[in-house]
Trainee: 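Below you will find the structure I want to go over with you.
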Number of protein chains: 2
Amino acid sequence: MIDKLKNIAVFASLSDDSLRELAMHIEYIKHKKGTIIIRADKIEPHFYVLEKGIARAFCDGENQQITFWFGQSGNVLFSFNSYINNRPGYENIELLENSTLLQLRLSDLFSLYDQHLEIANWGRKIAEQELIATERRLIDRAFKGAAERYQEFIAQSPELIKRVALKHIASYLGVTQVTLSRIRATYK
Amino acid sequence: MIDKLKNIAVFASLSDDSLRELAMHIEYIKHKKGTIIIRADKIEPHFYVLEKGIARAFCDGENQQITFWFGQSGNVLFSFNSYINNRPGYENIELLENSTLLQLRLSDLFSLYDQHLEIANWGRKIAEQELIATERRLIDRAFKGAAERYQEFIAQSPELIKRVALKHIASYLGVTQVTLSRIRATYK
DNA sequence: GGCAACATTTTACAAATGTTAAAAAATGAG
DNA sequence: CTCATTTTTTAACATTTGTAAAATGTTGCC
């Protein structure tokens, strides 16, 4: 089990001791493409790590869904508001492919944070990495046009372009699908 | 010193023991309005807490500055990329008023993270709170028009509206100053 | 294969925001 | 207080992006 965890990106920095602690609380689960694993307006009691598959987080609007996050193999996957504030979340998380996940109760994770220094710092780094990635996206929206953001998305996430519907990528980039189509038509 | 720290929002949750540990490494400093306390492209070796004053973080573009963050009394203030990745940052931080700050070496802070469980979890929560606030802003950009974002900014940050130049608020909201002026003219 | 459901592109038009420049208002130093 | 500087507003026009609807393309199931 520990060797298996070591191969997953988010666990790579942890000592065997910490991995053993975590492994005691981890369950493997599988879900099919299309499963909504986390639902808005519910307190989600688990923290997941995506072992295999692709996921998206989205919010529902009146006549649109906005995808604001993609997860790939090795990424963590949780309801921000449940995890951080113990409140119902605003986001849904959908699996876009048949996936395998590691599941960990938040209550167990929080106990580990309060008992285990290395795991507490691991949790800190997870939040910090998400933070810097999110802030970069916010800044990119200000400095770069939609076309440039699309080009960079292709460069940085070649897997996602192949495997994710364009309508999801459009809202992730902050434009409508029509605009994304126009951008794509320009670079043909 | 410890009692003084307790009055600052970001320290409120810490035990006396943790506050004593932190206090050993904290220096008080003052700076005048207009001081750029953190500069892009440098590794910033300190972590600051704003005791009194207002600050903004901005990036320089070709013919514009984009403000993407405001700090008020009790907020922490650091170069994301220095703090998180030990690399030169992309942001400048400017004090918009005469300010008093608490200064802490990152190297000291990281030592505390590696030695002190409560402080490690305190650092985790700081990152998590920034993360959730940043993500909310990214989502708000998708669902709300500029006028609505302005209204909410007024409601949530009445102090900032009074004390910060509108040109900074415009870029924070993701519009030009001309557009913000038009929005303001509408609600008169 | 053929059909139904869904995804993507295209078109025409509308709305929002950006750009540039100039005027008006506010601020701050001496 | 006055002048110079900076900030904010206003105006005219250009550009980008959005909306709605139709056309085309793709996928998967029976």
Side-chain angles (χ1 to χ4, degrees), chain A residues 32-36 54 56 58-68 70 94-98 137-151 153-154 160-188, chain B residues 32-36 54 56 58-59 61-68 70 94-98 137-154 160-188:
Chain A
K32 292 210 170 147
K33 171 174 175 171
T35 304
I36 306 244
I54 291 188
R56 73 177 181 114
F58 66 96
C59 288
D60 279 311
E62 296 187 13
N63 36 21
Q64 53 179 345
Q65 284 187 341
I66 302 292
T67 296
F68 60 90
F70 288 114
E94 177 187 2
L95 300 173
L96 298 175
E97 300 183 347
N98 294 334
R137 285 182 58 208
L138 195 64
I139 294 173
D140 277 359
R141 293 259 179 119
F143 282 107
K144 294 171 184 163
E148 195 178 350
R149 297 203 298 277
Y150 172 66
Q151 305 269 36
F153 183 84
I154 293 174
L160 292 180
I161 277 285
K162 279 183 243 161
R163 291 154 68 183
V164 175
L166 287 172
K167 64 177 174 177
H168 297 144
I169 291 170
S171 70
Y172 180 84
L173 292 174
V175 295
T176 59
Q177 192 175 2
V178 176
T179 297
L180 181 56
S181 246
R182 286 194 274 239
I183 290 167
R184 286 161 55 81
T186 307
Y187 297 99
K188 236 188 237 167
Chain B
K32 292 209 170 146
K33 172 175 174 170
T35 304
I36 306 246
I54 291 188
R56 73 177 180 114
F58 66 96
C59 288
E62 296 187 12
N63 36 21
Q64 53 178 346
Q65 284 187 341
I66 302 291
T67 297
F68 60 90
F70 288 114
E94 177 187 1
L95 299 174
L96 299 176
E97 300 182 347
N98 295 334
R137 285 182 58 209
L138 195 64
I139 293 172
D140 277 359
R141 293 263 178 114
F143 282 108
K144 295 171 183 163
E148 195 177 351
R149 296 203 298 276
Y150 172 67
Q151 305 269 36
E152 291 187 359
F153 184 84
I154 293 174
L160 293 180
I161 276 286
K162 280 183 243 161
R163 291 154 68 184
V164 174
L166 288 171
K167 64 178 175 177
H168 298 143
I169 292 170
S171 69
Y172 180 84
L173 293 174
V175 295
T176 60
Q177 191 175 2
V178 176
T179 297
L180 180 56
S181 246
R182 285 194 276 237
I183 290 168
R184 285 162 56 81
T186 306
Y187 297 99
K188 238 189 236 167

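Per chain, numbering begins at 1; letters A, B, ... match sequence-line order. Since this is a predicted model, take the numbers as computed values, not measurements.
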Trainee: Would you sort out whether B/Glu97 and B/Lys33 count as a salt bridge (Lys or Arg N to Asp or Glu O under 4.0 Å), showing the intermediate values?
Mentor: CA-CA 4 Å; B/Glu97 300 182 347; B/Lys33 172 175 174 170; over 6 Å; no

Trainee: What is the distance from CZ of B/Arg149 to P of C/dA16, rounded to the nearest Å?
Mentor: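 Going from CZ in B/Arg149 over to P in C/dA16 covers 14 Å.
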
Trainee: Expressed as a whole number of angstroms, how long is the span from A/Arg184:CZ to D/dG25:C1'?
Mentor: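 That distance rounds to 12 Å.
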
Trainee: Does the side chain of A/Arg182 pick up a donor-acceptor pair with the side chain of A/Gln177 at under 3.5 Å?
Mentor: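 No, because no side-chain N or O of A/Arg182 sits under 3.5 Å from a partner of the opposite role on A/Gln177.
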
Trainee: Please report the shortest heavy-atom distance between B/Glu152 and B/Asp140, naming the atom on each side.
Mentor: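 So the minimum-distance heavy-atom pair works out to OE1-OD2, 3.9 Å.
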
Trainee: It should be established whether B/Lys33 places a side-chain nitrogen or oxygen under 4.0 Å from OP1 or OP2 of nucleotide C/dT27.
Mentor: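 So the side chain of B/Lys33 is outside the cut-off, no N or O lying under 4.0 Å from OP1 or OP2 of C/dT27.
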
Trainee: Please name all residues satisfying ring pair (Phe, Tyr, Trp, His ring centres under 6.0 Å) with B/Phe70, sequence neighbours left out, ordered by chain then number.
Mentor: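 Result, ring pair (Phe, Tyr, Trp, His ring centres under 6.0 Å) vs B/Phe70: B/Tyr172.
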
Trainee: Side chains of A/Ile54 and A/Leu95: does their closest heavy-atom pair fall under 4.5 Å?
Mentor: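 No, their side chains stay 4.5 Å or more apart.
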
Trainee: Grab the CZ-P distance between A/Arg141 and C/dT17 for me, whole Å please.
Mentor: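 Checked: the CZ to P distance equals 15 Å.
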
Trainee: Let me know the distance between CG of B/Leu166 and P of C/dA24, rounded to the nearest Å.
Mentor: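 That distance rounds to 20 Å.
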
Trainee: Tell me the closest heavy-atom pair linking B/Ala142 and A/Ile66, and the distance in Å.
Mentor: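 It is CB-CG2, 3.7 Å.
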
Trainee: Atom NZ of B/Lys167 and atom P of C/dA26: how far apart are they, to the nearest Å?
Mentor: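 Rounding to the nearest Å, NZ of B/Lys167 and P of C/dA26 are 17 Å apart.
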
Trainee: Just the table, please: protein N/O against nucleotides 17-19 of chain D N/O, every pair under 3.5 Å.
Mentor:
unit_1	atom_1	unit_2	atom_2	d
D/dG18	OP2	A/Thr176	N	3.1
D/dG18	OP2	A/Thr176	OG1	3.0
D/dG18	OP2	A/Thr179	OG1	2.4
D/dG18	N7	A/Arg182	NH2	2.6
D/dG18	O6	A/Arg182	NH1	3.2

Trainee: Take atom CD of A/Glu148 and atom P of D/dT16, then tell me their distance rounded to the nearest Å.
Mentor: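 Spelled out: CD on A/Glu148 to P on D/dT16 is 14 Å.
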
Trainee: Could you state the NZ-P distance from B/Lys162 to C/dA26, rounded to the nearest angstrom?
Mentor: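 Between P of C/dA26 and NZ of B/Lys162: 19 Å.
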
Trainee: To the nearest angstrom, how far is B/Leu173 atom CG from C/dT17 atom P?
Mentor: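 Result: 12 Å.
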
